[in-house]
Every structure is written in C-alpha cells, then in structure tokens.
Protein chains: 2
Amino acid sequence: MTSRAGVNSRNPTISDVAERAGVSVPTVSRVLTGAARVSPAKREAVEAAIAELNFRPSAAARVLVSRRPQTIAVVAGNTSRYGYAETIRGIEMAARAEGYTVMITVVESADEVEVDRAIGATLSQALAGVVVLKFDPPGVAALRRLSTDLPVVALSGTRETGVRQAVLDETGAAEELTDYLLGLGHRTVHHVRVPPSRRVDGRTTGWRRALLKAGAPVPPLLDGTWAPNSGIAIGRVLAEDPEVTAVFCGNDELAMGVMRGIADKGLRIPADISVAGFDDHPLAELWSPPLTTVEQDFEGLGRRGFELLLQVVEGSGGRRFSSELPRLVVRESTAAPRGRGT
Amino acid sequence: MTSRAGVNSRNPTISDVAERAGVSVPTVSRVLTGAARVSPAKREAVEAAIAELNFRPSAAARVLVSRRPQTIAVVAGNTSRYGYAETIRGIEMAARAEGYTVMITVVESADEVEVDRAIGATLSQALAGVVVLKFDPPGVAALRRLSTDLPVVALSGTRETGVRQAVLDETGAAEELTDYLLGLGHRTVHHVRVPPSRRVDGRTTGWRRALLKAGAPVPPLLDGTWAPNSGIAIGRVLAEDPEVTAVFCGNDELAMGVMRGIADKGLRIPADISVAGFDDHPLAELWSPPLTTVEQDFEGLGRRGFELLLQVVEGSGGRRFSSELPRLVVRESTAAPRGRGT
DNA sequence: AACAAACTTGATATCGTTTTCAGATAAGGC
DNA sequence: GCCTTATCTGAAAACGATATCAAGTTTGTT
C-alpha cells in the first residue's frame with residue numbers, strides 16, 4: 001500500500017498531481033496556495049493525490065512567477081562565536097516559525113571585492129530580505145554593499161540612523177557596568193576592548209561616558225582580539241600596574257583570558273583586581289570566580305531582527321528600530337578594592 | 001556616469017542585457033555559463049551590458065531548467081553549541097569556495113511529525129544535496145526522514161554502514177583518553193556522558209572498551225545534559241565517593257561544571273581527582289586548571305562532509321567514508337592519583 | 001574554386017509553478 | 001422561466017533562465 005516514487009521518474013510535479021486527481025493544474029495550485037475556493041470534492045481528490053505522490057511544490061518555480069520569495073539571507077562575519085551563533089539561532093527560529101527558509105552567508109573580510117564575491121551567490125537567490133549582523137567590520141562592509149531595493153535589517157550594538165535595525169544597547173549596558181564598578185569604590189576602570197566594528201564601539205563609548213560622568217581618569221584603551229587567549233598577555237601587563245584595580249573586558253572570553261594572565265602573576269580576583277566581562281557566556285557562571293558580566297539576549301535580538309524584516313516584507317511599514325537594554329549580572333569576580341591602588 | 005537601476009524597473013533580466021548588448025538571449029547565457037564559445041566582440045559587449053545594468057542571473061530561473069542546483073542544505077539539531085557551530089562553519093566555507101550557497105535547517109525534536117515540518121520548507125528548495133549533523137537524536141531522525149533520491153552525507157562521531165558519512169572517530173579517541181588516565185595509575189575512570197545520539201555513543205563505547213581491555217572495573221554511567229551547569233551536581237556527588245579519582249566527561253563544558261562541583265566540596269583538581277573533557281573547547285586551555293581533553297577538528301569534519309557530498313553531486317562516485325582520529329591534548333587537570341582511592 | 005568541417009548565432013522549446021482571463025455552472029431575484 | 005450575480009474551473013500566458021537544433025558564417029583542405 002505504501003506508495004513509492006515511480007521507478008525511474010523524477011520528482012512529481014503539479015501536473016502529475018492534477019492528472020492523478022482528475023483536475024486541472026491551476027486547481028491544484030489553488031489548493032496549494034489557498035488563493036481561491038475549490039469545491040470540497042476536488043480539494044479532497046487533490047489532497048489525496050498530493051499525499052500519494054509525496055508531492056512538494058518546487059520553490060524555484062513558485063518564486064519565479066509569484067515574486068514572493070520565502071527565503072531570507074543572514075550575512076555575518078562569523079557564525080560560530082557565542083553571540084553570533086545565538087543571534088543566528090534566533091533569526092532561524094523566528095523565520096522557520098513563519099515558513100521562511102534561511103540562507104547563511106559568511107563574509108570574512110571587509111574588503112569590497114571580497115565582500116561582493118561572498119554575497120554574490122546569495123544575492124542571485126530570490127530573497128525576501130536580508131538580515132546583517134553588523135557586529136564587525138565585515139558586517140559593516142556587507143551592509144554597505146547590499147543593494148537598496150532589497151529589504152534589509154541590521155543587527156548591532158549601537159543605534160545608528162539610516163538603516164532599519166534591531167539593537168542591543170551596549171552603550172547603555174557598558175555605562176551601567178562601569179557605574180557599578182565605580183560605585184564599588186574603584187578610582188577608575190580599565191577597559192580591554194574587542195575588535196570594534198567601526199572606529200567607535202558602544203562598549204567603549206559607554207565605559208568612557210561613565211568615567212567622564214564620575215570625573216574619573218580615563219586610562220588608555222587596551223586592545224584584545226577575538227581569541228580568548230589574547231587576554232593572557234594583557235592580564236599580565238595589567239597585573240604589573242598597581243593603579244589597576246578594576247578591568248572591564250569587551251567580552252567574557254577575553255575576560256577569562258585576562259583573569260588567567262592576572263592569576264599567572266600571583267594576584268587574586270577579586271581581592272586584588274576586579275574583572276568584568278560582557279555577554280554572559282554560558283560558561284561565565286562556572287568560571288572561578290564566577291564572572292560579573294552583562295547578559296545580552298542575542299537570541300531575542302535575532303528574533304526582533306527577523307520580525308522587523310517581516311514587517312517590511314509584508315509592507316506593514318512598522319518601526320525602524322527595536323532596542324533593548326542588556327541586564328547587569330553581578331557575580332563574584334568583582335568587589336570593592338582593597339590593598340591596591342587606593 | 002554611474003549607472004543606476006531604472007527609475008521604477010524591477011531587477012534587470014537576461015533579455016535586458018541581450019537587448020542592450022545587441023545580441024540574442026542565448027548568447028548572453030553562453031557568456032554567463034561559459035558553456036559555448038562566443039566571439040570576443042560580442043562577449044565584451046555582453047560583459048559591458050552586464051556591468052552597466054548590474055545584472056545578476058536569477059538562481060531560481062536557472063535551476064529550474066538546468067536542473068543543477070547550487071545550493072546545499074545543512075540539517076542540524078542545534079547551531080550554536082561549539083562543535084555544531086564549528087562544523088557548520090567548515091561546511092559553509094567549503095561550500096562557498098565551490099560556489100555553493102548554504103541553507104540552514106534546525107530540527108529541534110526527534111518526533112517524526114516535527115522533523116517533517118522542519119525540513120519541509122527546505123526540501124521544496126532545489127537542492128544539490130544535504131549534509132546532516134548526526135550528533136543527536138533530532139539529527140538521527142532527520143537523516144531517516146530524508147528522501148533517498150537526494151544526495152545526503154551524514155556527519156557524526158561513530159562510523160555506521162548504509163550512509164555516506166564523514167566521521168570524527170570519537171570511539172578511538174575516548175579509548176585513547178581512557179588509556180591515558182589508566183596509565184597514570186588510576187584504578188578506574190568514571191564517565192559522565194552527554195546526551196547520546198542513539199542508544200550507544202562513541203565516547204561511552206571507547207571508554208568502556210579501554211576499561212575492559214585493562215581489566216579495570218566499569219563504574220555506573222552518569223548522565224549529564226548539554227547545559228554546562230548540569231555538571232555541578234554530578235561533580236558534588238562524585239566528590240563524595242572516595243573511589244573516584246579520575247573522571248572523563250563527554251564534553252568540555254560538562255567537565256567545567258563537574259570541576260566546579262568537585263571544587264565546591266573542597267577537593268583539588270588534579271591532586272584529589274583528575275578531570276578530562278572532550279572537544280578542546282577554545283576556553284579549555286584557559287580554565288584553571290587547564291583542561292586535559294581531546295581536540296576535535298570540527299571545521300575539518302564540515303569540510304570533509306561537503307567534499308564527500310560534492311563527489312556524489314558531481315557523479316564522481318568517490319569514497320563513502322572519511323574518518324579522522326581526534327588528538328589527545330594533555331593539560332594540567334589530570335595527574336597520577338595520590339591520597340585518595342588507591 | 002569547391003567542398004567539408006568547425007565555429008557562431010538565434011529561434012524555439014522547456015523547466016514547474018502562479019496569474020489572468022474567460023467560460024461554465026449554480027444560485028438568487030423578480 | 002429569464003436575467004443577474006456568484007462560484008468554480010480550465011486554457012493560456014508568464015516568470016527568467018538554459019537546452020536543443022538548425023542556419024549562417026568562417027576556416028581549412030584538396
């Protein structure tokens with residue numbers, strides 16, 4: 001009884017279904033799309049034929065004539081780092097729930113030629129829209145190269161005009177975190193930043209704003225990379241400077257590296273130096289000591305980004321911005337200063 | 001001079017290009033595909049027209065008639081956990097280098113109906129093939145539901161017949177790791193496993209094999225989850241059993257949780273208990289103490305999977321398996337036993 | 001110079017759907 | 001019962017590319 005694909009036949013088409021159900025092709029199409037009414041008898045016959053043949057409409061043929069693509073593209077500079085991966089997951093879940101299919105495009109360099117090559121194949125797909133992770137220079141470059149006649153939503157940590165975007169307000173969160181550290185009694189807070197997406201980044205801006213607001217000295221910026229162990233060397237340097245009592249790192253991985261570098265020099269955290277991260281990585285709470293950080297809802301960012309895109313696609317206009325303030329999570333890696341610096 | 005998309009025109013089509021270049025549509029197609037020779041004069045005219053109009057061939061129209069899709073789908077139970085994300089990255093990079101576009105499909109449950117719903121939209125795309133991450137029950141279920149007339153490659157940790165697959169030989173690596181721990185002088189090794197993809201999983205099998213080979217007692221299995229902090233409770237339980245001197249955890253995150261649980265009970269690692277993980281997570285080397293683990297080349301797994309798929313797609317038959325042995329990485333979380341158990 | 005072979009080129013068919021339009025049938029109003 | 005309106009249905013066109021095939025043009029050989 002189990003029906004089986006014909007011996008050597010290709011995938012069944014809508015006309016196979018029509019023939020089997022004894023109706024015309026457009027009638028099958030109407031059943032598929034629900035675009036118009038079909039008599040109950042024919043509808044049942046069509047549905048039976050579809051099931052028997054295990055028929056799936058060809059998305060390519062469908063989009064060609066309907067001009068309503070059900071695919072979106074995600075353009076990102078990276079797919080596997082924590083924040084990126086979670087954001088993509090949020091987009092994918094929201095998209096899948098709405099019947100959209102998701103295409104991934106990685107852009108590794110910010111060079112214009114490279115970017116065009118990376119997004120070329122993707123842009124020749126029929127797309128309903130694009131979500132760009134504007135977290136880094138490649139993301140920023142990709143956004144700039146995206147043609148304007150395609151709905152585009154950018155996801156990032158800093159609000160910016162001219163683009164429809166969903167935002168996790170890093171600036172505000174970094175300011176809050178720095179306020180908290182100053183409030184513990186630290187004279188100032190050092191900052192190790194991750195590679196910024198543009199000349200300025202929100203985490204650094206918020207940090208500086210809090211220092212200025214409090215009249216605290218603004219120490220020179222330290223630059224980490226995306227590799228967690230780049231923090232080790234920086235931690236060692238910081239450990240040797242007796243002025244350093246609190247360090248705010250651009251992300252949790254970097255903070256973990258910095259903590260190791262500090263520990264390598266025999267200093268204790270938080271007794272000698274407080275260290276805070278950013279993102280609330282799943283391992284932050286397991287670290288020793290557990291890491292004070294800022295919880296960012298990346299998955300929610302992805303969802304909000306897709307929803308924003310969908311509003312454009314469906315023509316319902318909608319808001320151009322969607323912003324959210326990450327939440328400070330205080331753990332044991334930060335404390336009031338004692339013994340050092342003060 | 002900069003050309004601009006026509007005032008209110010849609011995307012340019014191949015016939016816009018043909019008209020502008022003063023040639024026929026098939027000639028433009030020949031320039032695009034390189035399928036046949038075109039005189040230099042016309043080729044130049046066509047290329048100029050393409051550039052001026054900023055023309056991109058429609059992938060949908062192209063695949064409809066050519067029947068050579070340039071898209072692959074990745075089906076996975078998860079996209080953001082370390083091993084998954086890295087594997088997907090490897091697939092994406094290899095695919096992009098070959099001009100293939102990548103579609104992501106997440107399958108959250110192993111339930112047949114759920115699986116079909118998740119992969120439905122994807123399977124109606126024109127696909128060259130599918131790569132399935134067979135790391136967990138949803139992945140296994142998805143693989144089973146994939147129609148056989150589509151090229152499919154499975155990625156996993158255990159070799160299995162009947163499917164074309166790329167493998168990271170977890171069984172062998174787990175055996176090697178357990179051998180190493182026994183070689184340090186531990187009477188036996190306890191194992192905390194991550195949720196297995198099927199009834200048996202490679203890491204557990206390799207662990208048991210090593211114990212039996214050495215004539216060591218096989219302690220009862222402990223079950224962790226994918227959440228790193230599920231290890232904490234397990235670590236506390238293990239700490240209270242004086243027989244426990246070495247623990248092998250199914251992945252690094254779980255090991256970190258277990259270590260915390262053990263530390264919570266006042267025991268030291270590795271002095272009192274040795275702990276080893278699996279995967280070589282980027283943070284494993286930063287952990288205190290740095291974690292002994294097994295380095296898995298997930299990105300390479302993804303690449304190999306895509307290459308295997310490509311061989312099928314291009315009809316060059318090729319091998320059905322591609323296997324690789326992960327590499328033991330000894331760090332400071334493991335040492336010879338002393339004081340306890342022996 | 002004549003013929004064959006090779007190379008270019010365009011007209012037309014084709015892929016698998018949805019859309020448009022018009023015809024057929026059924027239902028409703030007088 | 002006749003005309004209008006509403007409901008279903010199918011024929012044909014359309015989407016934007018490649019594939020096929022035959023005609024036209026060169027080139028090469030004798």
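Order of the sequence lines sets the chain letters (A, B, ...), proteins ahead of strands, with each chain counted from 1. No experiment lies behind these values; they were computed from the predicted model shown.
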Exercise. Under 3.5 Å, is there a donor-acceptor pair linking the side chains of B:S156 and B:T158?
Worked result: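 On atom types as modelled, these side chains do not qualify, holding no pair under 3.5 Å.
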
Exercise. Taking the side chain as C-beta and beyond, is there a heavy-atom pair between B:T71 and B:Y100 under 4.5 Å?
Worked result: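 Not touching, per the 4.5 Å side-chain cut-off.
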
For [X], all residues meeting side chain to side chain donor-acceptor pair (under 3.5 Å), sequence neighbours excluded:
X      : answer
B:D111 : none
B:T33  : none
A:R43  : none

For this session: Return yes if some donor-acceptor pair links the side-chain N/O of B:R304 with the main-chain N/O of B:V167 below 3.5 Å, else return no.
Result: yes

For this session: Check for a donor-acceptor pair, side chain of A:D16 on one end and backbone N or O of A:T13 on the other, with a separation under 3.5 Å.
Result: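 Such a contact is found between A:D16 side chain and A:T13 backbone.
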
Exercise. Going 5' to 3' on DNA chain C, which nucleotide is the first and which the last to come under 4.0 Å of a heavy atom in chain B?
Worked result: C:dT8 to C:dG16

Exercise. So, are B:E92 and B:R89 salt-bridged, with charged N and O less than 4.0 Å apart?
Worked result: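 Looking at B:E92 and B:R89, the cut-off is not met.
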
Problem set entry | Electrostatic pair B:E114:B:R117 at N-O distance under 4.0 angstrom | yes

At a cut-off of 3.5 Å, list every protein nitrogen or oxygen paired with a nitrogen or oxygen from nucleotides 22-28 of chain D, distance to 0.1 Å.
none

Considering residues at least two apart in sequence or located in another chain, which fulfil the side-chain contact (heavy atoms from CB on, under 4.5 Å) criterion with [X]?
X     : result
B:A94 : B:R303, B:F306
B:P26 : B:S24, B:R30
B:A73 : B:M103, B:T122, B:L127, B:V130

For this session: Estimate the overall bend of the helix from C:dA1-D:dT30 to C:dC30-D:dG1 from the end axes over five pairs each, rounded to 10 degrees.
Result: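 What I find for the helix from C:dA1-D:dT30 to C:dC30-D:dG1 is an axis angle of 40°.
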
Exercise. Listed in order of residue number, which residues of residues 29-38 of chain B have a non-hydrogen atom at under 4.0 Å from DNA chain C?
Worked result: B:R30, B:R37, B:V38

For this session: Any chance you could lay out the side chain to side chain contact (heavy atoms under 4.5 Å, CB included) test for A:V153 and A:L155, step after step, and finish with the verdict?
Result: CA-CA 7 Å; A:V153 170; A:L155 266 37; 3.9 Å; yes

Dump every N/O contact between nucleotides 12-16 of chain D and the protein below 3.5 Å, one line per pair.
unit_1, atom_1, unit_2, atom_2, d
D:dC15, O3', A:R67, NH2, 2.8
D:dG16, OP1, A:R67, NH2, 2.5
D:dG16, N2, B:A61, O, 3.3

Problem set entry | Face-on cation placement of B:R159 at B:F321 ring, 6.0 Å and 45° thresholds | yes

Exercise. Looking at residues at least two apart in the chain, or sitting in another chain, which of them share a salt bridge (charged side-chain N to carboxylate O under 4.0 Å, His left out) with B:R198?
Worked result: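 Here the qualifying residues are B:E160.
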
Exercise. So what does A:R43 touch, heavy atoms closer than 4.0 Å: a base, only the sugar-phosphate, or nothing?
Worked result: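 Contact class for A:R43: none.
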
